[in-house]
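I have placed the structure first, in the form of structure tokens, so that the comments after it can refer back to it.
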Amino acid sequence: MSQLTHRGPSLSSGRGHPRSLSLTSGWLLGGAVAAGLGLGVCAVVVLLLWTVSPYPDSDADGALHLAADLWLLAHGVQLVRHETLSGIPAPVGVTPLMLTVVPVWLLWRATREGLESRPVAGYGYGAVAVAGWVSGGYLLVTAAAVAYASGGPIEAEPAGTSWRLPLFVVVVTGLCAAFYAQRRSVAHAWAQLSSRLSEAPRERVSGVMRQMTRERVIVAVQAGGAATVVLCGGGAFLLSAALVWDVRTVCRTFPQLTESFSGQFAVLLLVVALLPNAVLWATSYGLGPGFTLGGDSVVSPVVSTGSPHLPPFPLLSVVPDEGSGGVVACCLVAVVPALGGLMCGWWVGRSRVAVGRAEAAVGHRGGHPAGWRAVLVTVPLAAVLCGGLLALLAAVAGGPLGSAGLAHMGPTWWQTGGAACGWMTAVGLPTALGVRWWVRSSARRAAAAAARAAEAAAKGAAGLGPDAAWHTDAARRVRWAAMRAASGGLMASFAPADPTEHGFVQRINRAALVLDVDVDVDGEADVNVGADANADGGVHAEAPAHPDGERHPETDVNADEGASAEGDADEDSEDAPGSGAPPSADGPVEAPSADGPVVAPAAADVPRGDAHGNLTAKPAPGRPPGGPGKA
């Protein structure tokens with residue numbers, strides 16, 4: 001079909017300019033092909049079921065008539081069934097919305113390809129002209145189908161078909177043309193329409209349009225569409241829950257209608273075609289008004305009255321019984337419109353229309369001067385759009401299935417639309433205001449935190465801020481071990497609690513702290529801080545050089561592998577630190593670090609006082625006396 005619309009037969013007028021007949025005929029042929037494809041799909045399905053049916057009640061011509069009737073019914077045309085028990089013709093006006101998807105998609109595709117062929121061919125036709133040519137080709141085929149289906153047991157109603165079918169085609173092609181047309185053309189058309197009004201109506205329209213700016217309208221359309229999707233999703237959930245709950249009853253209805261496999265398969269296809277209608281009925285049920293099954297019957301979550309005797313059809317077998325639904329059922333069903341209102345309010349409250357500019361939200365507590373006014377305008381506009389869309393869907397989802405009590409089945413369009421608009425306004429407006437306040441408060445808190453972090457970073461770079469390495473867990477443990485070593489054994493041999501076990505301390509990659517301890521014979525101790533605490537918990541403490549030039553061995557303490565002493569001590573001895581022997585009364589005392597224990601010097605190596613009050617260093621086994629203590 002795209003090749004036909006893009007490359008029609010090239011005709012010339014003799015002056016070097018191609019005629020417009022090739023392009024317009026391609027658009028006309030594209031619409032006719034779209035109608036033929038839709039009619040062919042229905043014919044193939046019906047003929048297949050007629051072929052496999054063991055007891056067909058008509059010939060191939062009757063099957064083709066039925067296919068044409070179903071195709072016309074998919075366009076919203078009302079059919080009339082003449083063969084009834086009472087002899088009175090019964091109307092059939094419930095449109096299977098699943099079948100409607102096929103002609104809508106084919107019409108949309110034909111119009112889009114026609115619009116795309118304009119710049120390729122170089123003609124100056126507008127979008128309205130393309131939609132008109134495609135609609136004309138489509139209506140030619142539908143007129144032939146109406147003429148073929150007339151005179152059978154089921155035929156299209158002439159009065160309703162004369163305006164329903166053209167309206168359906170024009171609306172679909174017009175929406176496609178408006179969607180793919182440039183924004184300037186739409187704005188220009190609106191300006192021309194408003195210029196033709198008189199002065200008083202023009203001022204009123206201008207006042208309304210000043211409140212409904214472009215951004216507000218866009219946000220309202222998005223919020224209304226999102227709320228509609230949520231409401232329909234809630235209706236689908238209610239329908240699925242009802243079908244699963246009464247699945248045995250649903251399965252028993254198929255053998256009651258027909259015993260043949262082909263007949264049950266045809267019933268299953270009819271159920272699939274009516275699923276969108278059932279979803280919209282369930283959506284109206286969740287909103288509150290419910291739906292009717294003919295006569296004065298009402299099926300709603302509050303009360304169900306006057307339910308007639310229903311035929312054994314799968315979708316009708318899950319209709320609630322007559323009586324009150326109860327408080328619990330009403331509360332559960334009310335979740336559906338509440339979710340729709342929350343979606344509408346959340347969408348509007350977080351939009352730029354409500355929040356305003358980021359710098360305005362951070363700099364001023366009042367925010368954008370028209371922010372809350374925009375919410376008061378946008379949420380009702382979105383509610384009206386949602387209610388109007390659901391009213392339209394409810395109108396096409398129901399219809400007559402007979403005369404008298406069956407003259408109308410399904411939801412009432414104005415009740416469904418009004419309930420949706422009320423729910424969206426009542427729930428969406430406070431939700432939008434609350435979301436707007438939360439978004440702006442979060443923005444202010446984030447800006448304040450970023451300002452404090454920048455100020456702290458600036459002070460740290462200037463050397464005015466606190467030293468983070470001093471407060472690390474590794475540095476604190478080194479200081480504790482140094483004080484205990486310098487106390488001469490007077491401090492208790494226990495380690496401080498490990499804050500990492502409670503999750504209060506986070507280690508820093510590197511902290512520098514060096515410890516030097518000098519013990520004089522006069523009893524004075526000189527403690528200098530400066531050891532290296534690595535990120536893995538290792539601590540390295542180096543003793544200062546002796547005045548005679550002799551340097552004592554170094555001690556390398558690693559928190560991951562325990563403590564090891566390098567020097568004269570034997571690594572294989574039991575008293576050597578890190579050998580794995582249990583500590584004795586005079587053995588090493590472990591001070592756990594961030595990742596493992598840190599072994600402090602043994603009690604025998606700690607400087608002790610003599611009888612005269614002087615501090616002396618007791619040498620370790622195998623180490624010559626003299627020299628300062630070593631930590």
His65: partners by side-chain hydrogen bond (donor to acceptor under 3.5 Å, both in side chains), with sequence neighbours left out:
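With neighbours one apart ignored, the set is Asp61.
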Any sub-3.5 Å donor-acceptor pair from [X]'s side-chain atoms to [Y]'s backbone N or O?
{"X": "Thr253", "Y": "Val250", "value": "yes"}
{"X": "Thr292", "Y": "Ser297", "value": "yes"}
{"X": "Trp50", "Y": "Ser58", "value": "yes"}
{"X": "Ser284", "Y": "Gly290", "value": "yes"}
{"X": "Asn277", "Y": "Thr95", "value": "yes"}
{"X": "Ser300", "Y": "Val303", "value": "yes"}
{"X": "Trp281", "Y": "Ala397", "value": "yes"}
{"X": "Thr100", "Y": "Pro96", "value": "yes"}
{"X": "Gln264", "Y": "Thr258", "value": "yes"}
{"X": "Ser162", "Y": "Ala159", "value": "yes"}

Do [X] and [Y] touch side chain to side chain, with heavy atoms closer than 4.5 Å?
{"X": "Leu99", "Y": "Leu73", "value": "no"}
{"X": "Val299", "Y": "Pro320", "value": "yes"}
{"X": "Trp414", "Y": "Thr412", "value": "yes"}
{"X": "Trp71", "Y": "Thr142", "value": "yes"}
{"X": "Arg164", "Y": "Gln78", "value": "yes"}
{"X": "Leu274", "Y": "Leu315", "value": "yes"}
{"X": "Phe168", "Y": "Val104", "value": "yes"}
{"X": "Arg81", "Y": "Thr84", "value": "yes"}

For [X] and [Y], which heavy atoms make the closest approach, and how far apart are they?
{"X": "Leu287", "Y": "Pro337", "answer": "CD2-CB, 3.8 Å"}
{"X": "Pro166", "Y": "Leu139", "answer": "CA-CD2, 4.0 Å"}
{"X": "Cys386", "Y": "Thr228", "answer": "SG-OG1, 3.4 Å"}
{"X": "Leu342", "Y": "Thr431", "answer": "CD2-OG1, 3.4 Å"}
{"X": "Val80", "Y": "Pro89", "answer": "CG1-CB, 3.7 Å"}

Anything under 30° is parallel, anything over 60° is perpendicular, the rest tilted; go ahead and classify Phe291 against Tyr285.
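Answer is tilted, since the angle falls between 30° and 60°.
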Please check if atom CZ in Phe313 has more than 12 non-hydrogen atoms from other residues, nucleotides or ligands closer than 6.0 Å.
yes
Step by step, work out the side chain to side chain donor-acceptor pair (under 3.5 Å) result for Trp27 and Thr111.
CA-CA 8 Å; Trp27 297 337; Thr111 307; over 6 Å; no
By salt bridge (Lys or Arg N to Asp or Glu O under 4.0 Å), Arg112 pairs with (sequence neighbours left out) Glu116
Out of curiosity, Ile154 CD1 to Leu70 CG, how far, rounded to the nearest 0.5 Å?
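Here the rounded value is 8.0 Å.
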